[in-house]
Each structure stands twice: as C-alpha cells, then as structure tokens.
Visitor: 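Input: one structure, supplied below.
Residue numbers start at 1 and run along the sequence shown.
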Amino acid sequence: MDRRRALIGMVGAAAAAGVTGAGSAQAAERRHRRHRTLKVLQFNIWMGGSQVPGGRAGIADTIAATQPDVVMLSESDPKRVANLLSDLAERGLTYHDNKNPSDPGVISRYPIIDQASFPYWSKAVISVDGTEVAAYSGHLEYRYYVNYLPRAYGGGTPAPLETSEYGWGEIPGGPITDVDLIMRLNEASGRTQVTRTMLADAARERAKGRLVFLAGDLNEPSHRDWTRRTRNLFDHNGTVVEWSTTKAIEDAGFRDSYRVAHPDPVRTPGFTWPSDNPGTKTESLTWAPKADERDRIDFVFYHPDRRLRLLDSVIVGPSTTIVRNERVEESGNDRFWKPTWTWPTDHKAVLSTFRVTTGR
C-alpha cells in the first residue's frame, strides 16, 4: 500500500511538472510576442508634386508629419521615388522602395525582402520584427471613368465604345443612368481583370503565412458607396451601382479599412477626389465643373488575420473640396488630418492604423 501511494505520488508530481512546464512555455511565448503599430498610407502624389508650387517638398512633409510605416504611391516613377527618398533622408527619415520600374510604387520604413511587378500593381514584401507582410500598390486605368455618366459627363471612354463621343465633356442629353451600360463600360476598363491577377498572387502570399495589405487609387468608386441610401446624393441621380473592382477585392476576403472604421457612406462618405488645393485654380482640380463629382477612389484594404487588428482610418488632406467648380467644406462627419504644410496633390490620402502581433 505504501509503495502504491508512493508511485501515485510520483506520477502526480510528474504530471504537475508537465503542466507547469507547458504553462511556462506558453508564458514565455506570450512574453516574446510584441504588438507593433503599423500605419499604411495610400497617397496619390500628382505627378511627383509637379503641379503645385512646393509640391515635391509637400510630399515629403506629408510623410514626415503622418509617419506611416508603409506608403503606397500612385503617379510615381523611379525618378519621383528617388527624389522622395532623398527628401525624406534630409528630414532624418529612412525609407526603402520596391524599385518598381514604373507607376505605382511602395516605400517602407522596414526592410523590403522581396518585390514584384504586375500590370497596374506592384508588390513589396517587408519584415516587421520577423512577421512578413506583403503590401500591394495599385494605380488603375483612369479612362472609362463611367461614374461620370450619371453626372452628365463623359468618362473618357475610348472609341468605338458607347458614350465615347462625349470624351470627357458634358453630355448634351443629360445624365446617363443605365446601370447595365455603366457596368459594361466599367468592365471594359480592365480594372477588375488586372486586380484579379494581383489577388491571385495575394492568395499565394497568404498561403505562405504573410499578412497582406493592398491600397491604391483605383479610379473607380466602391460598391459600398453607391447604394440605395446614396442614390439621390452626390449627383448619383438615382443610380445604385455595384462597382466590380472593390467587389472583387472583398469577394477575395479583404476588408475596406475606411468603411470598416466608418461604415456609413452618407455621414462619413470619405471622399478622396477631387481634393481642394489652394496652390492651384479650381479648373485644374475638376473634370466635371457643373457636377458634384466627389467620390472615394483611394483605398486601403487588409486581409483579416488573428495577428492583425484595425485601430483607425482617417483622411489626410484639406477638409475642403470642389463641387460645381467651387471650393466648399466637406459636408460629412469625416475626420481629417489637415495639412499645415503645402498640400501637393488633387487627391486626399488615406491613413489606416493597425496593431500587428509579431513573434519577437
């Protein structure tokens, strides 16, 4: 009996030691986990800031003020990116670029360990304290801008397609609200097709265990913004349009960071184009001067992951915009990070902040 009690005691002690050891290992793992804030900026730099006096410096000043970790650049090229990295270095900031041979680009405060180019998109893979992140930057076809058709303007659709006769000009017969026609011409732009090519690569990155972000100037609105609730606002003229590029991105599992943080497209429309810019005349900022052409065409998307949490998303840029060729205050409840420096572009930027759990 005493021997059996001793054996039972030994087994119990071993089991307790195993539980304690497992608990210690889990505690050690938790101690080694770290939370990092990761700020992602979508930024159309309007031909490298060349359209506004002081615009080149304004690009670097924007990044210096907002301190993003990753910046997706639209209307960039190797020379513009090199200028930007030099300007940031003068401000004591070190960024790396993904060396895309054309527009668009990615720059990062973290080392870039891999990069790739796709039609209208480019990729940088970065390491955030050992957690690998794939960041995609997009700048899609600007023609076929058929969200102008309900606003009684042509969208620059090329011949011989329907509505090509209007170019970018005013439509004499008034708004075109045929949603089937709008969707057909939008599909002809190729924006959704090239995005699906990028999304296939993003799926492979996720299979490798990498976090994935994609951002860009899509030159197309969101299906979450042209809804029944907005059909009689912003010169939508009764149309409800399920814009196909953002829909394809969401169908691939991504989430629109601005709409997650601000789900109401009426109270927080989040317009990014056109932006007011005091450095240039309104005629340089509007392409539909008799319309309310405001739209949200700049986005930051993320794929959900247990290591990732969205904290905030905010518009960076002036709180004023252009409506019917007039400078006006935005009418919604969006929050703005208003520049005290030269604003370099005709777009507003989008800054989304995340918490990333890293392995060390």
Visitor: Salt bridge (charged side-chain N to carboxylate O under 4.0 Å, His left out): which pairs involve residues 236-245, sequence neighbours left out?
Guide: none
Visitor: Given a cutoff of under 4.5 Å between side-chain heavy atoms of I, L, V, M, F, W and Y, with clusters grown through shared members, what are the other residues clustered with M183?
Guide: Y144, V146, L149, L161, Y166, I171, I176, V179, L181, I182, L185, W226, V241, W243
Visitor: How far apart are the closest heavy atoms of V300 and V350, and which atoms are they?
Guide: CG2-O, 3.9 Å
Visitor: With sequence neighbours excluded, tell me which residues meet salt bridge (Lys or Arg N to Asp or Glu O under 4.0 Å) with E330.
Guide: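 With neighbours one apart ignored, the set is R294, K348.
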Visitor: Give me the ring orientation class for Y142 and W168: parallel if the planes are under 30° apart, tilted from 30 to 60°, perpendicular past 60°.
Guide: parallel
Visitor: For the side chain of T268 and the backbone of D264, is there at least one donor-acceptor N/O pair under 3.5 Å apart?
Guide: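 Looks like yes, one N/O pair under 3.5 Å.
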Visitor: Can you pull out every salt bridge (charged side-chain N to carboxylate O under 4.0 Å, His left out) where at least one residue sits in residues 43-55? Sequence neighbours excluded, please.
Guide: none
Visitor: List the steps, then state whether side-chain contact (heavy atoms from CB on, under 4.5 Å) holds for Q42 with F299.
Guide: CA-CA 7 Å; Q42 161 54 30; F299 303 88; over 6 Å; no
Visitor: According to side chain to side chain donor-acceptor pair (under 3.5 Å), does anything in residues 48-60 pair up with another residue at least two apart or in another chain? List the pairs.
Guide: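 Output for this query lists R56-D87.
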Visitor: Tell me the closest heavy-atom pair linking A291 and Y153, and the distance in Å.
Guide: CB-CE1, 4.1 Å
Visitor: Just checking R224: does its CZ atom have more than 12 heavy atoms from other residues, nucleotides or ligands closer to it than 6.0 angstrom?
Guide: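 No, the 6.0 Å shell around CZ holds no more than 12 heavy atoms from other groups.
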Visitor: Tell me, which pairs form a side chain to side chain donor-acceptor pair (under 3.5 Å) where one or both residues lie in residues 169-186, sequence neighbours left out?
Guide: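 Sorted pair list: E162-R184, E170-K290, N186-R191, N186-E220, N186-S244.
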Visitor: Would you say K208 has more than 12 foreign heavy atoms packed within less than 6.0 Å of its NZ?
Guide: yes
